[in-house]
There are 2 protein chains.
Amino acid sequence: MERRRGDELLESLFDATFQLMKETPHTNLTFQQIAEAAKTSRTVLYRRWPTTFDLLQDIYTYKARKLFEGEYFDELKDTGSLRGDFIQLLTVYQGVYDEIGADVMNNYFYIRMQDPDHSRETALHTASLEKHQQAIAHILKNAKARGEKIKKLSKVTLMLPFDLIRMENMARQANISKKRLIAMVDEVLLPVFS
Amino acid sequence: MERRRGDELLESLFDATFQLMKETPHTNLTFQQIAEAAKTSRTVLYRRWPTTFDLLQDIYTYKARKLFEGEYFDELKDTGSLRGDFIQLLTVYQGVYDEIGADVMNNYFYIRMQDPDHSRETALHTASLEKHQQAIAHILKNAKARGEKIKKLSKVTLMLPFDLIRMENMARQANISKKRLIAMVDEVLLPVFS
DNA sequence: TAAATAAGATACAAAATGCACCTTATGAGC
DNA sequence: GCTCATAAGGTGCATTTTGTATCTTATTTA
């Protein structure tokens, strides 16, 4: 009989758990069910995680890692205007949310907050923070080079484009329209940044 | 032997559960433990909720109700300037977060998203949304009466002050300083609204 | 090819679940 | 006051889940 090992096994454990969560709210997950769904024995699970909560932490950091390590921001082109660049940025970032699902992102924040010393993913988180900061810095640099006036803002405020998308996806569940993205740029981002 | 009934009982069930959650991540809560902590029998719990998840939904909507039905916005005075009004608004709203805890708010959003048809608290949610909209409308009306110029913005954008506070509390766990609140007003809200 | 490693199976006591059924305190009605 | 309906609290039981220990076996690596 074939045996899955290492990452291959890990991924199918994650997949099975994820599959189960679509049916049951994950507060009620059991190792028994997961083992069954993943066609393995509980032993394999207990060896890795003391509780289902720990498993979930790993699932979401895994999903988040795949997300954060993506080259999404590398696709960003110079559209010729700050406005165009912002629209492109929001569109790409919203695309990430559409792809991975708002609930995963939501869960990531949730799990993060539950973890007293969110020890396991600080490195990941700071790395992703840096990527986000760089994306903004790049856009603003281009704008300045073009001669567009850019305000000096505090570091936290620079994250506003991402915060807007996040909030929109967390608080309001309706699909985010292109129109809304453009409104974010025209009503919020441009007045704030330029 | 004395028996707690109705709301009194309900509240002490909530309290006991809440107490337990400080020790255990709530993914691992059991009815057994809760019943023990609340000094009652499991029967009482099963009569009310099929799973711990359902209990949690009720807890957070209860907590949220106490929050949303509060008269926080009624305290808002006319400070004489839009800037002052915004600072006051953010301070009051941040105070709410400090009081009730960012994790409760986080959980509220979380539970809300898990619930496919968040059926139980839609009324509550729209009521609170209205309160928020009114608070903003009031501030803007005063500003206009004073002769300050106010931009015409889409309905969703009007929620920006609250979105900022929410995001700040969800994504970044450090305590929000007065300085940061003022920066939000000067760097974001004033450029957007006026 | 042998040894090390990790997956998977089995067993078992303890805890938790989900019900059914029973007892009893308490508030509402007369 | 007294009675009765209601809801709280208790008990018992079959089933599921947990946590752990122990053993077998597939697969990697040296």
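Within every chain, numbering begins at 1; the chains are lettered A, B, ... in the order of the sequence lines, protein sequences first and strands thereafter.
Here A:Asp78 pairs with A:Arg146 in a salt bridge; the nearest charged N to carboxylate O distance falls below 4.0 Å. We find that A:Asp58 and A:Arg48 are not joined by a salt bridge, their nearest charged nitrogen and carboxylate oxygen being 4.0 Å or further apart.
By the criterion of side-chain heavy atoms lying less than 4.5 angstrom apart, applied directly or through intervening Ile, Leu, Val, Met, Phe, Trp or Tyr residues, B:Tyr93 is not grouped with A:Val156; the two fall into different hydrophobic clusters.
Following rounding to the nearest Å, B:Leu55 (CG) and C:dT17 (P) show an atom-to-atom distance of 12 Å. At whole-Å resolution of the value, CH2 in A:Trp49 and P in D:dT18 are 14 Å apart. A:Glu8 places its CD atom 11 Å from the P atom of D:dT27, with the value rounded to the nearest Å. For the pair A:Leu45 CG and D:dT18 P, the interatomic distance rounds to 10 Å; values are reported in whole Å. A straight line from CD of A:Glu11 to P of C:dA7 spans 14 Å, rounded to a whole angstrom. C:dT17 atom P lies 13 Å from atom CG of B:Asp54, rounded to whole Å. C:dG27 atom C1' lies 15 Å from atom CG of B:Asp7, rounded to whole Å. The distance from atom CG of A:Asn28 to atom P of C:dA16 is 15 Å, rounded to the nearest whole Å.
Considering only side-chain atoms of A:Arg42, the nucleotide from D:dA8, D:dA21, C:dC12 that sits closest is C:dC12. Here the nucleotide nearest the side chain of B:Gln32, chosen from D:dG9, C:dT26, C:dA15, is C:dA15. When distances run from any side-chain atom of A:Glu2 to the nucleotides D:dG9, D:dG19, D:dT27, the shortest one goes to D:dT27. Looking at the side chain of A:Tyr46, the nearest of the listed nucleotides D:dT18, D:dA8, D:dT27 is D:dT18.
Taking the nucleotide of DNA chain C with the nearest heavy atom to each of A:Lys39 and B:Gln33, the more 5' of the two is matched to A:Lys39. Projected onto DNA chain D by closest heavy-atom contact, B:Ser41 and A:Glu36 fall at different nucleotides, the more 5' of which corresponds to B:Ser41.
Backbone-only contact: A:Thr30 has heavy atoms under 4.0 Å from sugar-phosphate atoms and none from a base. Residue A:Arg47 is classed as a base contact, given a heavy-atom separation below 4.0 Å to a base.
Of the residues listed (B:Ile34, B:Leu56, B:Ile59), the one engaging B:Phe14 in a side chain to side chain contact (heavy atoms under 4.5 Å, CB included) is B:Ile59, and it is the only one.
Contact annotation: B:Arg48 side-chain N/O to D:dA8 OP1/OP2 distance is under 4.0 Å. The shortest distance between the side-chain N/O atoms of B:Thr40 and the OP1/OP2 oxygens of D:dA8 is not below 4.0 Å.
The base of C:dG27 has none of its N or O atoms less than 3.5 Å from a complementary donor or acceptor on the side chain of B:Arg5. Interface remark: the A:Arg3 side chain does form a donor-acceptor pair with the D:dT25 base, using a distance-only criterion of under 3.5 Å.
Residues A:Leu164 and B:Asp163 are not in side-chain contact: their nearest non-hydrogen atoms beyond the backbone lie 4.5 Å or more apart.
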